[in-house]
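Basis for what follows: all heavy atoms, side chains included, without hydrogens, waters or symmetry-related copies.
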Amino acid sequence: MARIPDSHPRKNSLESRQKIVDGSSRGLLADSAMIAHGRGEAFDYLLGEKTTKTAREASRESAARLRNARRPVISVNGNTVVLAGEGAIRLAAVLGCPIEVNLYYRTPSRVKGLISLLEDWKLKLSEEDAPDGFIGDWKDSVDGVSILGDSPNFKIDGLEGPRSKCTIEGIGGSDTVLVPLEDGDRCEALISLGKEVLVVDLNPLSRSSRMATVTIVDEVSRAFDVILRYLLDDCDYRPTEWDNGKSLKESLKQIGDYLSE
Ligand code: ATP
Ligand code: MG
């Protein structure tokens, strides 16, 4: 793809689109991936393509809940890997938790392709400088991130078919799941299992957004960057009695505020 000049007002959006296009042509994404991305883009446009105050608060709450969790896991689908895979690995390295590739339209070849992309990024990230504020051995922490999903050995109750499959080492045995771009049905099933479900979804009206314990209404790569900063800079913050319905209403209001600016 031709280089997009820094001055182009739609630079980030065009680059993200290209990542989805490239991921599709490499066979890593389901056909519906572009539709899901387009829906996200539309909501991001309405939010001014920036992290809102409400999204920041939800990311702060999610960081605190992930830090407090006994067995946190980051569940990723194809769009999340191609748009924000590196961010997911940084979070997992800081939390010392696994990443599980969990696809709604699961095929063994897509799962393998996405796992190998994440493994490649682990190699690259383990050579980079630790993020500011990180204490410990960054290379060891990145190397230690397990990428799961290849051999499902657990079934999520209440779901049928391949979309119910996951691993006991990851989602199955977890108490807290950070899951961007999740489907409403699966989000509901995870909640029914008694897990805390932290969703990243640009659409504050989606079923996932409404089912989740905490919803971060933000673009996934921006949200991961914000959560990382809270994990490293804000260690004293403890989880609160989070009112997710109130937070979603605020996100909707921010769309209205942005449009009337
Ligand atoms: P639900 O099943 O929760 O009602 P849906 O069926 O409308 O949602 P899905 O296709 O299941 O949508 O999931 C895709 C969701 O991910 C959409 O709500 C979309 O807004 C959101 N989304 C897409 N791209 C991004 C992105 N880059 N960052 C954050 N959210 C995104
Ligand atoms: Mg859905």
Side-chain angles (χ1 to χ4, degrees), residues 16-17 19-41 43-44 62 72-92 97-122 145-152 154-156 159-167 170-172 174 176-191 195 197-203 206-209 211-212 215-224 227:
S16 293
R17 258 187 205 186
K19 287 180 186 168
I20 296 286
V21 169
D22 292 344
S24 288
S25 49
R26 291 171 66 187
L28 295 173
L29 304 177
D31 292 343
S32 56
M34 286 197 198
I35 300 171
H37 184 74
R39 181 172 295 166
E41 266 192 352
F43 278 97
D44 206 14
S62 299
V73 63
I74 304 173
S75 168
V76 294
N77 68 357
N79 288 35
T80 301
V81 173
V82 304
L83 293 172
E86 288 152 291
I89 295 168
R90 287 192 192 96
L91 289 182
C97 79
I99 295 176
E100 179 161 341
V101 173
N102 193 246
L103 306 183
Y104 192 84
Y105 301 108
R106 166 185 286 274
T107 69
S109 80
R110 274 207 298 272
V111 173
K112 278 196 171 45
L114 292 165
I115 289 177
S116 85
L117 190 56
L118 287 166
E119 292 289 357
D120 289 349
W121 275 331
K122 267 176 59 182
V145 173
S146 331
I147 312 288
L148 308 170
D150 205 5
S151 321
F154 189 85
K155 193 176 166 310
I156 303 171
L159 293 177
E160 281 159 29
R163 70 207 178 100
S164 68
K165 291 183 178 175
C166 66
T167 72
I171 295 168
S174 68
T176 304
V177 193
L178 174 64
V179 53
L181 284 60
E182 180 55 300
D183 175 69
D185 226 27
R186 286 212 307 202
C187 182
E188 188 171 6
L190 294 172
I191 292 276
K195 299 180 191 300
V197 182
L198 315 171
V199 156
V200 183
D201 191 329
L202 279 159
N203 177 3
S206 76
R207 282 189 65 243
S208 310
S209 288
M211 293 305 309
T215 306
I216 302 166
V217 181
D218 201 0
E219 196 282 321
V220 61
S221 60
R222 290 201 305 262
F224 280 179
I227 296 171

Nearest non-hydrogen partners of L103 and G78, listed with the distance: CD2-N, 3.7 Å
How close do S208 and C187 get, heavy atom to heavy atom, and via which atoms? O-SG, 3.7 Å
Taking all heavy atoms of R106 and all of G149, pick out the closest pair and write down the distance. NH1-O, 3.2 Å
Should S16 and E41 count as side-chain neighbours, where that means a heavy-atom distance under 4.5 Å? no
Take a 6.0 Å sphere around OH of Y105 and say whether it holds more than 12 heavy atoms from other residues, nucleotides or ligands. no
Taking the side chain as every heavy atom from C-beta outward, state whether F224 and L178 have any atom pair closer than 4.5 Å. yes
Identify the residue among L148, N102, V101, L28 that makes a side-chain contact (heavy atoms from CB on, under 4.5 Å) with V111. V101
Determine whether L198 and I216 make a side-chain contact, defined as any pair of heavy atoms from C-beta on separated by less than 4.5 Å. no
Do E182 and S75 get their side chains close enough for a donor-acceptor pair, meaning under 3.5 Å? no
Nearest-0.5 Å distance that lies between atom CG in D185 and atom CG in L190: 10.5 Å
Nearest heavy-atom contact between S209 and N203 is OG-O, 2.7 Å
Verify, without hydrogens or angle tests, whether S32 (side chain) and I35 (backbone) share a donor-acceptor contact under 3.5 angstrom. no
Side chain of D201, backbone of V179: donor and acceptor closer than 3.5 Å? no
Got a sec, which residues hit side chain to side chain donor-acceptor pair (under 3.5 Å) with R207, two or more places apart in sequence or on another chain? E188
Sub-3.5 Å donor-acceptor pair from the side chain of E100 to the main-chain atoms of T167, do we have one? yes
Under 3.5 Å, is there a donor-acceptor pair between the side chain of K122 and the main chain of V145? yes
G172 backbone acceptor or donor facing K195 side chain under 3.5 Å: yes
Answer whether the closest heavy-atom distance between the side chains of E219 and L83 falls below 4.5 Å. yes
Point-to-point distance, once rounded to the nearest 0.5 Å, from CG of L118 to CD of E86: 9.5 Å
Do S24 side-chain atoms and I20 backbone N/O form a donor-acceptor pair below 3.5 Å? yes
Working to the nearest 0.5 angstrom, can you tell me the gap between E119 CD and I99 CD1? 9.0 Å
To check you understand the geometry: which heavy-atom pair defines the closest contact between V217 and L202, and what is its length? CG1-O, 3.4 Å
Check the pair I147, L114 against side chain to side chain contact (heavy atoms under 4.5 Å, CB included), reporting the backbone distance first and the verdict last. CA-CA 10 Å; I147 312 288; L114 292 165; over 6 Å; no
Under 3.5 Å, is there a donor-acceptor pair between the side chain of R186 and the main chain of R163? yes
Keeping the roles fixed (side chain from T215, backbone from V199), state whether a donor-acceptor pair exists under 3.5 Å. no
V76 versus V81, closest heavy-atom pair with distance: CG2-CG2, 3.7 Å
Please round to the nearest 0.5 Å and tell me the distance separating atom CG of D183 and atom CE of M211. 11.5 Å
To the nearest 0.5 Å, what is the distance between NZ on K19 and CG on L29? 13.0 Å
dist Y104:OH -> L181:CG (nearest 0.5 Å) comes out at 14.0 Å
